[in-house]
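Small disclaimer: the values here were computed from a predicted structure and weren't measured. The analysis underlying the following values was restricted to heavy atoms, covering all of them including side chains, and did not include hydrogens, waters or symmetry mates. Throughout, protein chains are lettered first and strands after them, A, B, ... in sequence-line order, and every chain is numbered starting at 1.
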Amino acid sequence: MALRVYNTRTRSLDPFTPQTEGVVRIYTCGLTVYAPMHIGHARTYCFWDVFRRYLEYRGYHVMSVINYTDIDDRIMKKADETHGWLDVAENAIAAFRRDCRALRIKDYAAYTRATDFIDPQVDMVKQLLDKGHAYVVDGEVLYDVQSFERYGKLSGNTLEGGQAGASGRLAEDADRKKHPADFTLWKPSDPGQPTWQTGQEQWPSGRPGWHIECSAMSSVMLGEHFDVHGGAIDNLFPHHENEVAQSEALCGHPWVGYWMHPEHLDLRGIKMSKSIGNVIGVPNLLDTHRYDEIRWFFATTHYRTKLAFGDDLVAASSEGFKKITRAVKILETRLNEVDADARGIPVASKYASLREGDEAVPRERESLLYGEYAELSKKFITRFIEGMDEDVGCPRATAAMFDYVNELFAAGIEQSTDYGSLASAYRCLVRHLYVLGVELPNEALYPQLAADCFPTAGGGEAADPYKAVIDRLLEARADARKSKDFAKSDMIRDVLQAAGVQIEDTPKGARWELE
RNA sequence: GGCCUGGUGGCCAAGUGGUAAGGCAGAGCUCUGCAAAAGCUCCAUUCGCCGGUUCGAAUCCGGCCCAGGCCUCCA
């Protein structure tokens, strides 16, 4: 078995073989930085993050680039109302970085800005003109779609296909364009707007069009041919179609190995838009749901399926997710019963190779398959990989995880004193949650993985200030129960519950957690 | 007009030729002082409709109905 992904270019599930063995080069279309990202962007970028994490899990090195479109009409428009266009862009970029971190989206290798790549863009426009793929009208350079025979092949929007219903806007500049689908490569800036000199006689100054930015930045950063080009489904046409037209007209060969297009998130059929006022920002989202609940929610639906969003839907998914986190917590609690030395956390003695025919698995797999639960873990890992290999099938991975957790409970992880086995199961669970973008590793129990996560900002320590107080109340409650003073013990439980402390009685005494 | 998705139990959602994953909700039981948690068991002869191909179809083909997206900036 090997990874297969749905490739928009071929409209089929293709075996995933990057150009350079073991290395994957990915370019993702980022935001136009005029406003903070919203929940729809969050889904898209969380998907790309999981894809990247899975590739890394499978042993690939991932070179990921994402861009900021920092020169755009919307930015200019906003700049008029507030500060300069640069401030608008800077603010949106800062918000984007903050939001991504809040969602635990791993940092990309590079974040490129369109305005930092003006020269290569000008150069590309020049080349397109030289090769007869573009023409100049009043200082504006337009791409001549009819000069590129494969135009429309990626998206299926052929030039012959009707544009009848596409509203009258196309007719607007029919006199300037050779074909309605011709698009801007370079255009003069309006007075007072940022402008760049090109040194060209017919188009001496101005700014780049949207599509040329991505063509130029991606090849500068990743080369003339790279593996994956992404962006959400809406980018397919016209953006990606136009990128293909630009880049392939110049390089003369298929430019990108795999085009991948995640579907949108929608508010139950209602389009999210500023005018309706139903845009949900990431900080907004994280007010009502934890980041890991959101990540799990995203993982329960395949990335090429429209995802309906609603607080009730997230809540239902979170209810199920609790079972997973509870398993992790119980394992943590159990493991903390003994000293690190006594845990006997297994050490990997060998690792599976990535040779052809072998099942590619993480290096540490052997340490995940130690002890009493090894068979359960092995079955889980196999299902996890099978699911993810089939076009990043996160829903199958989450289903496998539910079964695994159920089996662990059934196998008695709450009673076992085989700490080596418990540690191994703990790591197996946490390691795979990590692939889905959910980071739960306890520093003491899994330092290697914890080191790769975002700082946990207090994390497990948050409860500490209250711990002593809660423990004393629980002691009092235990005494009351022993002397059958249930009125008192229930009162203590009620008080703690009101304060958000969930109590769970186990054969080994009460366990608690903060809600 | 063109292009493209999708319609699976009360809800969410996998499955693309071999006899319906998983989660939520619901029901019963075990455990428990009572709860909670956990465990066990049950919960779609059926996959929008009608035809066809096949030993066999939710899965392939044809037709139809329905919902949605894109073709204009958009993750």
Side-chain angles (χ1 to χ4, degrees), chain A residues 8 11 13 28-32 34-35 37-48 66 69 72-74 152 155-170 172 180-181 210 230-239 241 261-266 269 271-274 296-297 300-302 304-308 310 312-324 326-327 330 383 387 390 393-403 406 409-410 412-415 480-482 484-487 489-490 493-494 497 502-507 510-513:
Chain A
T8 309
R11 309 242 170 222
L13 275 179
T28 308
C29 286
L31 289 178
T32 297
Y34 71 104
M37 72 193 273
H38 61 242
I39 184 177
H41 300 114
R43 186 205 186 184
T44 299
Y45 297 121
C46 284
F47 163 71
W48 289 113
I66 189 169
T69 297
D72 176 272
D73 285 341
R74 284 168 295 176
S155 66
N157 283 295
T158 57
L159 294 176
E160 300 76 46
Q163 271 131 343
S167 90
R169 195 179 301 198
L170 291 167
E172 202 170 278
W210 177 35
I233 187 72
D234 55 278
N235 282 149
L236 177 53
F237 190 89
H239 187 48
E241 190 68 66
H261 292 100
E263 251 297 349
H264 275 184
L265 170 149
D266 74 312
K271 182 155 180 153
M272 192 165 15
S273 85
K274 293 229 152 131
W296 185 263
F297 176 67
T300 56
T301 299
H302 188 86
R304 286 191 292 116
T305 297
K306 275 192 206 57
L307 174 64
D312 54 334
L313 294 172
V314 179
S317 141
S318 300
E319 202 52 51
F321 179 54
K322 264 186 199 165
K323 187 165 204 167
I324 307 288
R326 187 163 289 123
I330 285 171
R383 283 183 64 199
E390 198 68 357
C394 293
R396 292 171 63 179
T398 58
M401 203 171 278
F402 274 117
D403 288 337
N406 281 144
F409 276 122
I413 53 169
E414 291 192 274
Q415 297 79 236
R481 291 180 71 201
K482 205 172 279 177
K484 304 216 184 291
D485 185 354
F486 297 122
S489 71
D490 285 349
R493 185 171 66 197
D494 290 346
Q497 220 149 41
Q502 281 299 324
I503 295 168
E504 233 180 85
D505 285 324
T506 75
R511 179 163 60 216
W512 61 272
E513 64 183 80

Mind checking who U59(B) pairs with, Watson-Crick or G-U wobble, both distances under 3.5 Å? none
Separation of the P atoms in G62(B) and A67(B), to the nearest angstrom: 23 Å
Protein-nucleotides 20-31 of chain B N/O pairs under 3.5 Å:
none

Output the rounded distance in Å from CD (Gln415(A)) to P (A37(B)). 17 Å
Using atom P in both nucleotides, what's the gap between C70(B) and G15(B) to the nearest angstrom? 24 Å
Nearest 0.5 Å please: distance from the CG atom of Asp234(A) over to the OG1 atom of Thr44(A). 7.5 Å
Pair assignment for C3(B), Watson-Crick or G-U wobble, requiring both distances under 3.5 Å: G69(B)
Mind calculating the distance between CD (Glu504(A)) and P (C34(B)) to the nearest angstrom? 17 Å
Which part of the nucleic acid, if any, lies within contact of Glu414(A), taking any heavy atom under 4.0 Å across all strands shown: a base, the sugar-phosphate backbone alone, or nothing? sugar-phosphate
Heavy-atom side-chain proximity of Thr28(A) to Phe47(A) below 4.5 angstrom: no
Counting only Watson-Crick or G-U wobble pairs whose two distances fall under 3.5 Å, which nucleotide matches C42(B)? G26(B)
Against Glu263(A), only a single residue in Thr305(A), Thr301(A), Ile233(A) fulfils side-chain contact (heavy atoms from CB on, under 4.5 Å); can you say which? Ile233(A)
Quantified in whole Å, what is the C1' atom distance between nucleotide G9(B) and nucleotide G26(B)? 12 Å
Against the side chain of Ala232(A), the closest entry in A75(B), A36(B), G33(B) is A75(B)
Quick one: are Ile503(A) and Gln497(A) in side-chain contact, heavy atoms under 4.5 Å? no
Take atom C1' in C73(B) and the same atom in U5(B), then report the distance between them in whole Å. 22 Å
U53(B): pairing nucleotide in any strand, Watson-Crick or G-U under 3.5 angstrom: none
Send over the distance from Leu307(A) CG to A75(B) P, rounded to a whole Å. 17 Å
Any base atoms under 4.0 Å from Leu236(A), or only sugar-phosphate, or nothing? Heavy atoms, all strands. nothing
Take atom CG of Asp266(A) and atom C1' of C70(B), then tell me their distance rounded to the nearest Å. 14 Å
So does Arg326(A) get a side-chain nitrogen or oxygen closer than 4.0 Å to the phosphate oxygens (OP1/OP2) of A38(B)? yes
Report the residues that fulfil ring-ring contact (aromatic ring centres under 6.0 Å, His included) with Phe402(A), sequence neighbours left out, ordered by chain and then residue number. Trp296(A)
Rounded distance [0.5 Å steps], NE2 in His264(A) versus CZ in Arg304(A): 15.0 Å
Distance between the C1' atoms of A37(B) and C31(B), in whole angstroms? 11 Å
All salt bridge (charged side-chain N to carboxylate O under 4.0 Å, His left out) counterparts of Arg43(A), not counting sequence neighbours: none
Between P of G68(B) and CD1 of Ile233(A), the distance in whole Å: 18 Å
Which of these nucleotides, A14(B), A75(B), A38(B), is closest to any side-chain atom of Leu265(A)? A75(B)
Tell me whether His264(A) and A75(B) count as stacked here, given that the ring centres must be under 5.5 Å apart and the planes must differ by less than 30 degrees. yes
Per-nt protein contacts along nucleotides 4-11 of chain B (heavy atom under 4.0 Å; B base, S backbone sugar-phosphate only, - none) come out as --------
Please figure out whether Asn235(A) or Arg493(A) has its closest RNA chain B nucleotide nearer the 5' end. Arg493(A)
Tell me every residue that passes side chain to side chain donor-acceptor pair (under 3.5 Å) with Thr69(A), counting only those two or more places apart in sequence or in another chain. Asn67(A), Glu213(A)
Nearest-Å distance, CD1 (Ile413(A)) to P (A38(B))? 11 Å
Contacts of Asp494(A) that satisfy side chain to side chain donor-acceptor pair (under 3.5 Å) - sequence neighbours left out: none
Could you give the distance separating C29(B) and C66(B) at their P atoms, to the nearest angstrom? 47 Å
Residue Tyr45(A), side-chain heavy atoms: nucleotide from A14(B), C73(B), A75(B) that is nearest: A75(B)
G17(B) -> Watson-Crick or G-U wobble partner, both distances under 3.5 Å, gives none
Applying salt bridge (charged side-chain N to carboxylate O under 4.0 Å, His left out), can you list everything that pairs with Asp403(A), at least two apart in sequence or on another chain? Arg383(A)
Under 4.0 Å between any heavy atoms, over every strand shown, what does His302(A) touch: base, sugar-phosphate, or nothing? Just pick one. sugar-phosphate
A27(B) and G68(B), which share atom name C1', separated by this distance in whole Å: 36 Å
Counting the atoms with a prime plus P, OP1 and OP2 as sugar-phosphate, which does Gly393(A) contact under 4.0 Å by heavy atoms, base, sugar-phosphate, or nothing? nothing
Ignoring hydrogens and angles, does a donor from either the side chain of Asp505(A) or the base of A35(B) sit under 3.5 Å from an acceptor on the other? yes
Rounded to whole Å, how long is the line connecting atom CG of Asp234(A) with atom C1' of G69(B)? 10 Å
In whole angstrom, give the distance that lies between atom CZ of Arg481(A) and atom C1' of A36(B). 11 Å
Side chain to side chain donor-acceptor pair (under 3.5 Å) partners for His302(A), two or more places apart: Asp391(A)
Apply side chain to side chain donor-acceptor pair (under 3.5 Å) to Ser489(A) and list each qualifying residue two or more places apart in sequence or on a separate chain. none
Walking RNA chain B from its 5' end, the first of His41(A) and Ala410(A) to be reached, judged by nearest nucleotide, is Ala410(A)
What integer number of Å spans the C1' atoms of C47(B) and A21(B)? 14 Å
